[in-house]
Amino acid sequence: QVQLVESGGGLVQVGGSLRLSCAASGSSFNMETMAWYRQAPGKQRELVASITSGGSTNYADSVKGRFTISNDNAKNTVYLQMNSLKPEDTAVYLCYARGTSTWFDSDSVPRAARLDYWGRGTQVTVSS
């Protein structure tokens, strides 16, 4: 089992910056991709940025040039540096991880499965 714990959200003024962190804990989990999504009230959840274990990144058009995603594979942690924040960035930001978990079943047979995990989210509010 993997747990994702986010931190770093809060209230910031327009043009300000925040840095979100998401730490993944759990054994026998080979992380492939970690990402940040966000969901504002009344809106669908949307991908903000993603990063693979190899360092390949992808960003939503609305945050390109302002947000930077990075990771520390040794710590299974992903970060989101958010600069030049706008009121429309206000949302709950959720951490996502995809990877392969391995375990032994009741017959001691090794098993593996690709699984998705979500954090509980951290609120980011940008005031004008």
Side-chain angles (χ1 to χ4, degrees):
Q1 187 73 5
V2 173
Q3 288 187 330
L4 302 179
V5 178
E6 302 107 329
S7 61
L11 174 65
V12 64
Q13 291 187 333
V14 170
S17 298
L18 284 173
R19 188 188 192 214
L20 306 183
S21 299
C22 173
S25 62
S27 61
S28 302
F29 185 70
N30 182 28
M31 198 75 64
E32 297 174 13
T33 300
M34 294 189 77
W36 289 96
Y37 285 74
R38 66 186 180 187
Q39 188 161 20
K43 294 188 177 182
Q44 288 188 332
R45 186 174 296 183
E46 62 172 352
L47 174 68
V48 176
S50 65
I51 187 167
T52 67
S53 58
S56 296
T57 58
N58 181 50
Y59 295 92
D61 288 341
S62 59
V63 306
K64 283 180 181 177
R66 300 188 297 123
F67 291 10
T68 302
I69 190 169
S70 60
N71 62 354
D72 184 334
N73 288 331
K75 296 181 179 180
N76 271 348
T77 300
V78 64
Y79 307 95
L80 186 68
Q81 178 66 44
M82 305 186 294
N83 299 327
S84 303
L85 283 160
K86 305 175 181 180
E88 50 265 41
D89 294 320
T90 296
V92 175
Y93 284 70
L94 301 110
C95 182
Y96 163 86
R98 166 170 286 188
T100 301
S101 285
T102 58
W103 69 95
F104 290 92
D105 66 15
S106 58
D107 295 321
S108 299
V109 176
R111 301 290 186 184
R114 174 176 282 176
L115 299 172
D116 298 328
Y117 294 94
W118 290 92
R120 289 189 170 185
T122 184
Q123 177 69 44
V124 170
T125 302
V126 184
S127 64
S128 56

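Position 1 is the first residue of the sequence, and the numbers go up from there.
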Looking at [X], I'd like to know if its [atom1] atom is crowded, meaning that more than 12 non-hydrogen atoms belonging to other residues, nucleotides or ligands lie closer than 6.0 Å.
X    : atom1 : value
R120 : CZ    : no
Q3   : CD    : no
E88  : CD    : yes

Side-chain heavy atoms nearer than 4.5 Å, only ILVMFWY residues, links allowed to pass through others: does that put [X] and [Y] together?
X    : Y    : value
M31  : V5   : no
I51  : W118 : no
V2   : L115 : yes
Y117 : M34  : yes
L94  : L47  : yes

**Request:** Measure from the side-chain N and O atoms of N71 to the backbone N and O of N73, and report whether any donor-acceptor pair falls under 3.5 Å.
**Result:** no
**Request:** Dump the intermediate steps for side chain to side chain contact (heavy atoms under 4.5 Å, CB included) on M82 and L20, then the final yes or no.
**Result:** CA-CA 8 Å; M82 305 186 294; L20 306 183; 3.8 Å; yes
Looking at every heavy atom in both [X] and [Y], which two are closest together, and how far apart are they?
X   : Y   : answer
C95 : V78 : SG-CG1, 3.9 Å
A24 : L4  : CB-CD2, 3.4 Å
Y93 : V48 : CE2-CG2, 4.1 Å
Q39 : K43 : NE2-O, 3.3 Å
S21 : Y79 : OG-CD2, 3.3 Å
Q81 : N83 : NE2-OD1, 2.9 Å

Nearest 0.5 Å please: distance from the [atom1] atom of [X] over to the [atom2] atom of [Y].
X    : Y   : atom1 : atom2 : value
S50  : Y37 : OG    : OH    : 7.5 Å
S127 : L85 : OG    : CG    : 10.5 Å
R114 : N30 : CZ    : CG    : 10.0 Å
T122 : L80 : OG1   : CG    : 11.0 Å

**Message:** Quick check: do K86 and V126 have side-chain heavy atoms less than 4.5 Å from each other?
**Reply:** no
**Asked** Any side-chain heavy atom of V12 sitting closer than 4.5 Å to one from S17?
**Response** no
Would you tabulate the side-chain donor-acceptor contacts of residues 59-70 under 3.5 Å, counting partners in other chains and residues two or more places apart, or write 'none'?
| residue | atom | partner | partner atom | Å |
| --- | --- | --- | --- | --- |
| Y59 | OH | I69 | N | 2.9 |
| D61 | OD1 | K64 | NZ | 3.1 |
| S62 | OG | R38 | NH2 | 3.3 |
| R66 | NH1 | S84 | O | 3.0 |
| R66 | NH1 | D89 | OD2 | 2.7 |
| R66 | NH2 | S62 | O | 2.9 |
| R66 | NH2 | D89 | OD1 | 3.0 |
| R66 | NH2 | D89 | OD2 | 3.4 |

